[in-house]
Amino acid sequence: ALAEELMRSGPTLDDKLAGMILLSERLLIRGLYSLDNFPVFGQLFDDGCLDNFCVVDHFAEKILSRFLHQTPERAAQVLLEWSSSDNMWRARAGLTAFLPYARDENLRSYIRSGCILLLQRSEDEAKTTTGSLLRAISKPDEDVLDVAGVQFVMEFLCTDSLLVQFSRS
């Protein structure tokens with residue numbers, strides 16, 4: 001409850017981050033939260049408590065992504081649902097949570113679907129997380145461009161829905 005209250009506490013970035021650290025480093029590690037808590041997390045977005053790049057991306061990578069480690073298939077389904085949320089920050093978080101697992105072949109179809117969803121949105125903030133994921137997929141280390149990553153990007157960019165969207169731009 002304290003972690004949630006800190007994240008709800010006004011516009012102060014420090015309090016929000018303190019709540020996330022408490023949640024990620026103490027409560028999640030002890031197994032006190034599960035996928036059943038996602039409605040509570042979602043409400044933080046819907047109430048406007050998590051509404052900027054710094055806070056949303058930190059929340060996604062430090063908290064939401066841990067569920068992909070615990071229950072990959074089930075968490076991936078929930079996060080993909082988040083990626084179609086009307087709330088842009090919630091949608092961004094749903095996809096950003098995959099970032100630590102961008103190279104996991106078992107999650108690739110979820111990542112691809114989430115990228116397509118966010119690229120079809122009008123907000124630039126939604127689209128930038130797609131770029132981060134594509135970069136992570138195509139770069140296994142700092143110096144080498146992965147052939148599988150390039151293939152994924154080419155397949156991704158050649159989907160009919162995106163070609164139509166880009167041809168209108």
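Counting from 1, the numbers follow the sequence of the chain as shown.
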To the nearest 0.5 Å, what is the distance between [atom1] ([X]) and [atom2] ([Y])?
X	Y	atom1	atom2	result
K16	M20	NZ	CE	7.5 Å
L117	S85	CG	OG	11.0 Å
D57	L50	CG	CG	11.0 Å
F59	S65	CZ	OG	10.5 Å
R112	L134	CZ	CG	10.5 Å
R103	R108	CZ	CZ	6.5 Å

Would a 4.5 Å heavy-atom cut-off, applied to side chains only, mark I21 and K62 as touching?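 I21 vs K62: side chains apart.
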Flag side-chain contact, heavy atom, 4.5 Å: L80 against I111: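 In short, these two side chains do not touch, never coming nearer than 4.5 Å.
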Using every non-hydrogen atom in the two residues, find where [X] and [Y] come nearest and quote the distance to one decimal.
X	Y	value
K127	L118	CG-O, 3.7 Å
A76	L68	N-CD2, 3.7 Å
I137	A102	CG1-O, 3.3 Å
A97	P100	O-CD, 3.3 Å

Could you tell me which residues satisfy side-chain contact (heavy atoms from CB on, under 4.5 Å) with L99, sequence neighbours excluded, listed by chain and number? E61, S132, L133, A136
List for me each residue that meets side-chain contact (heavy atoms from CB on, under 4.5 Å) alongside N52, sequence neighbours excluded, and say none if there are none.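 With sequence neighbours excluded, N52 shows a side-chain contact (heavy atoms from CB on, under 4.5 Å) to C54, V55, given in chain and number order.
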So the ring-ring contact (aromatic ring centres under 6.0 Å, His included) pairs with at least one residue in residues 70-123 (sequence neighbours excluded) are F38-W82, F45-W82, F53-W89
State which residues pass side-chain hydrogen bond (donor to acceptor under 3.5 Å, both in side chains) with [X]; sequence neighbours excluded, sorted by chain then number.
X	result
E125	none
T129	T96
T71	none
D46	R90

For R92 and S83, test the side chains for any donor-to-acceptor distance below 3.5 angstrom and give the result as yes or no. no
Mind checking what makes salt bridge (Lys or Arg N to Asp or Glu O under 4.0 Å) contact with [X], not counting sequence neighbours?
X	result
D47	R8
D51	none
E123	R121
D36	R74

Show, in sequence, the C-alpha distance, side-chain angles and deciding distance for L79 and L95, and conclude whether the side chain to side chain contact (heavy atoms under 4.5 Å, CB included) test is met. CA-CA 7 Å; L79 292 167; L95 188 58; over 6 Å; no
